[in-house]
Amino acid sequence: MEESRAMLKSLILLMMISSFCLELTVAETYCHAQRRLLIDACKILIFRQAPPAECCRRIRTTPAWCVCPSVTPQRAALIDVNYAVGVIRQCGRYVARGTKCGSKCIYIN
(Lines give C-alpha, C1' and ligand atoms only; values in the text may rest on other atoms or scores of the structure.)
Protein backbone atom coordinates (compact mmCIF):
# COMPACT_ATOMS: atom_id res chain seq x y z
CA MET A 1 0.00 0.00 0.00
CA GLU A 2 2.77 2.48 0.95
CA GLU A 3 4.68 1.50 -2.17
CA SER A 4 1.61 2.27 -4.32
CA ARG A 5 1.20 5.69 -2.69
CA ALA A 6 4.85 6.52 -3.22
CA MET A 7 4.58 5.44 -6.86
CA LEU A 8 1.42 7.54 -7.32
CA LYS A 9 3.07 10.60 -5.76
CA SER A 10 6.09 10.15 -8.00
CA LEU A 11 3.87 9.84 -11.05
CA ILE A 12 1.92 12.99 -10.13
CA LEU A 13 5.16 14.92 -9.57
CA LEU A 14 6.51 13.73 -12.92
CA MET A 15 3.30 14.81 -14.65
CA MET A 16 3.46 18.27 -13.02
CA ILE A 17 7.09 18.75 -14.08
CA SER A 18 6.31 17.57 -17.62
CA SER A 19 3.36 19.95 -17.82
CA PHE A 20 5.49 22.87 -16.62
CA CYS A 21 8.22 22.09 -19.16
CA LEU A 22 5.64 21.82 -21.94
CA GLU A 23 4.15 25.18 -20.97
CA LEU A 24 7.61 26.79 -21.07
CA THR A 25 8.23 25.33 -24.51
CA VAL A 26 4.86 26.57 -25.76
CA ALA A 27 5.53 30.04 -24.29
CA GLU A 28 8.98 30.19 -25.90
CA THR A 29 7.53 29.17 -29.26
CA TYR A 30 4.73 31.73 -28.90
CA CYS A 31 7.16 34.51 -27.96
CA HIS A 32 9.54 33.64 -30.79
CA ALA A 33 6.65 33.92 -33.26
CA GLN A 34 5.47 37.21 -31.71
CA ARG A 35 8.97 38.73 -31.91
CA ARG A 36 9.34 37.60 -35.54
CA LEU A 37 5.99 39.20 -36.49
CA LEU A 38 6.99 42.43 -34.71
CA ILE A 39 10.38 42.58 -36.42
CA ASP A 40 8.91 41.84 -39.85
CA ALA A 41 6.20 44.49 -39.45
CA CYS A 42 8.54 47.18 -38.13
CA LYS A 43 11.69 46.79 -40.27
CA ILE A 44 11.07 50.17 -41.86
CA LEU A 45 11.80 51.86 -38.51
CA ILE A 46 15.49 51.22 -39.14
CA PHE A 47 15.27 54.11 -41.62
CA ARG A 48 13.36 56.22 -39.08
CA GLN A 49 10.28 56.37 -41.26
CA ALA A 50 6.79 56.58 -39.83
CA PRO A 51 5.56 53.23 -38.51
CA PRO A 52 3.06 51.54 -40.82
CA ALA A 53 -0.34 50.50 -39.45
CA GLU A 54 0.71 46.83 -39.17
CA CYS A 55 3.80 47.80 -37.18
CA CYS A 56 1.68 49.81 -34.75
CA ARG A 57 -0.75 46.93 -34.43
CA ARG A 58 2.13 44.58 -33.59
CA ILE A 59 3.57 47.10 -31.09
CA ARG A 60 0.19 47.33 -29.34
CA THR A 61 -0.45 43.58 -29.24
CA THR A 62 2.96 41.95 -28.71
CA PRO A 63 3.40 41.16 -24.99
CA ALA A 64 6.31 42.98 -23.35
CA TRP A 65 7.16 39.74 -21.52
CA CYS A 66 7.95 38.25 -24.93
CA VAL A 67 10.16 41.13 -26.09
CA CYS A 68 12.01 42.43 -23.04
CA PRO A 69 13.95 39.25 -22.16
CA SER A 70 15.51 39.32 -25.64
CA VAL A 71 16.89 42.84 -25.14
CA THR A 72 20.47 41.89 -24.24
CA PRO A 73 23.09 44.52 -23.33
CA GLN A 74 24.55 44.12 -26.83
CA ARG A 75 21.18 44.74 -28.49
CA ALA A 76 20.32 47.54 -26.07
CA ALA A 77 23.49 49.39 -27.08
CA LEU A 78 22.10 49.61 -30.63
CA ILE A 79 18.76 51.11 -29.58
CA ASP A 80 17.98 54.82 -29.36
CA VAL A 81 15.67 54.53 -26.36
CA ASN A 82 14.02 57.93 -26.82
CA TYR A 83 13.20 57.12 -30.46
CA ALA A 84 11.87 53.66 -29.55
CA VAL A 85 9.67 55.02 -26.78
CA GLY A 86 8.42 57.77 -29.10
CA VAL A 87 7.39 55.21 -31.72
CA ILE A 88 5.74 52.99 -29.12
CA ARG A 89 3.75 55.94 -27.78
CA GLN A 90 2.94 57.15 -31.31
CA CYS A 91 1.41 53.73 -31.92
CA GLY A 92 -0.81 54.11 -28.86
CA ARG A 93 0.93 51.91 -26.32
CA TYR A 94 1.61 53.40 -22.91
CA VAL A 95 5.18 53.34 -21.61
CA ALA A 96 5.44 54.16 -17.94
CA ARG A 97 8.30 56.25 -16.62
CA GLY A 98 11.00 53.97 -15.22
CA THR A 99 9.93 50.98 -17.31
CA LYS A 100 12.63 48.31 -17.38
CA CYS A 101 12.97 46.27 -20.54
CA GLY A 102 15.99 44.02 -20.88
CA SER A 103 19.13 45.77 -19.73
CA LYS A 104 17.77 49.30 -20.28
CA CYS A 105 15.70 51.26 -17.83
CA ILE A 106 13.59 53.86 -19.57
CA TYR A 107 13.39 57.17 -17.76
CA ILE A 108 10.92 59.43 -19.50
CA ASN A 109 9.88 62.86 -18.28
Side-chain angles (χ1 to χ4, degrees):
M1 183 69 167
E2 284 299 314
E3 196 173 296
S4 294
R5 281 187 181 172
M7 181 69 98
L8 184 59
K9 285 181 181 180
S10 297
L11 184 60
I12 290 171
L13 181 60
L14 180 63
M15 288 173 58
M16 289 173 61
I17 291 170
S18 296
S19 175
F20 179 72
C21 291
L22 181 61
E23 287 176 18
L24 285 178
T25 303
V26 170
E28 288 172 11
T29 302
Y30 171 78
C31 283
H32 179 76
Q34 291 297 305
R35 286 191 305 269
R36 178 69 9 222
L37 290 168
L38 178 66
I39 290 167
D40 289 346
C42 298
K43 285 180 183 175
I44 196 156
L45 296 179
I46 294 170
F47 304 108
R48 292 194 179 239
Q49 294 184 9
E54 178 61 16
C55 175
C56 281
R57 190 178 76 73
R58 295 301 332 157
I59 286 173
R60 287 191 306 272
T61 60
T62 302
W65 54 266
C66 282
V67 177
C68 288
S70 67
V71 181
T72 64
Q74 294 80 11
R75 288 180 182 156
L78 302 172
I79 297 171
D80 178 350
V81 174
N82 290 328
Y83 174 72
V85 169
V87 169
I88 293 167
R89 286 182 171 166
Q90 180 182 345
C91 288
R93 186 164 186 169
Y94 178 72
V95 180
R97 185 168 186 252
T99 298
K100 177 125 171 91
C101 185
S103 61
K104 289 272 185 175
C105 191
I106 302 167
Y107 291 103
I108 307 297
N109 294 328

| message | Rounded to the nearest 0.5 Å, what separates atom CD in Glu54 from atom CG in Leu38? | response | 10.0 Å
| said: Starting from Tyr30, can I reach Leu37 by hopping between I/L/V/M/F/W/Y residues whose side chains sit under 4.5 Å apart? | reply: no
| task | Might you point out which heavy atoms bring Leu45 and Ala50 nearest each other, and give the distance in Å? | result | CD2-C, 4.4 Å
Please output the side-chain donor-acceptor pairs of residues 59-66 that fall under 3.5 Å, not counting sequence neighbours, one pair per line with the distance.
unit_1 : atom_1 : unit_2 : atom_2 : d
Arg60  : NH1    : Cys91  : O      : 2.9
Thr61  : OG1    : Arg57  : O      : 2.9
Thr62  : OG1    : Arg58  : O      : 2.7

| Out of curiosity, does Ile39 fall in the hydrophobic cluster containing Val67 (side-chain heavy atoms, cut-off under 4.5 Å, transitive links)? | no
| said: To the nearest 0.5 Å, what is the distance between CG on Asp40 and CZ on Arg35? | reply: 12.5 Å
| field | Any pair counted as salt bridge (charged side-chain N to carboxylate O under 4.0 Å, His left out), so long as it reaches residues 68-87, sequence neighbours left out | value | Arg48-Asp80
| message | Measuring from atom CD1 of Ile44 to atom SG of Cys55, what distance do you get when rounded to the nearest 0.5 angstrom? | response | 9.0 Å
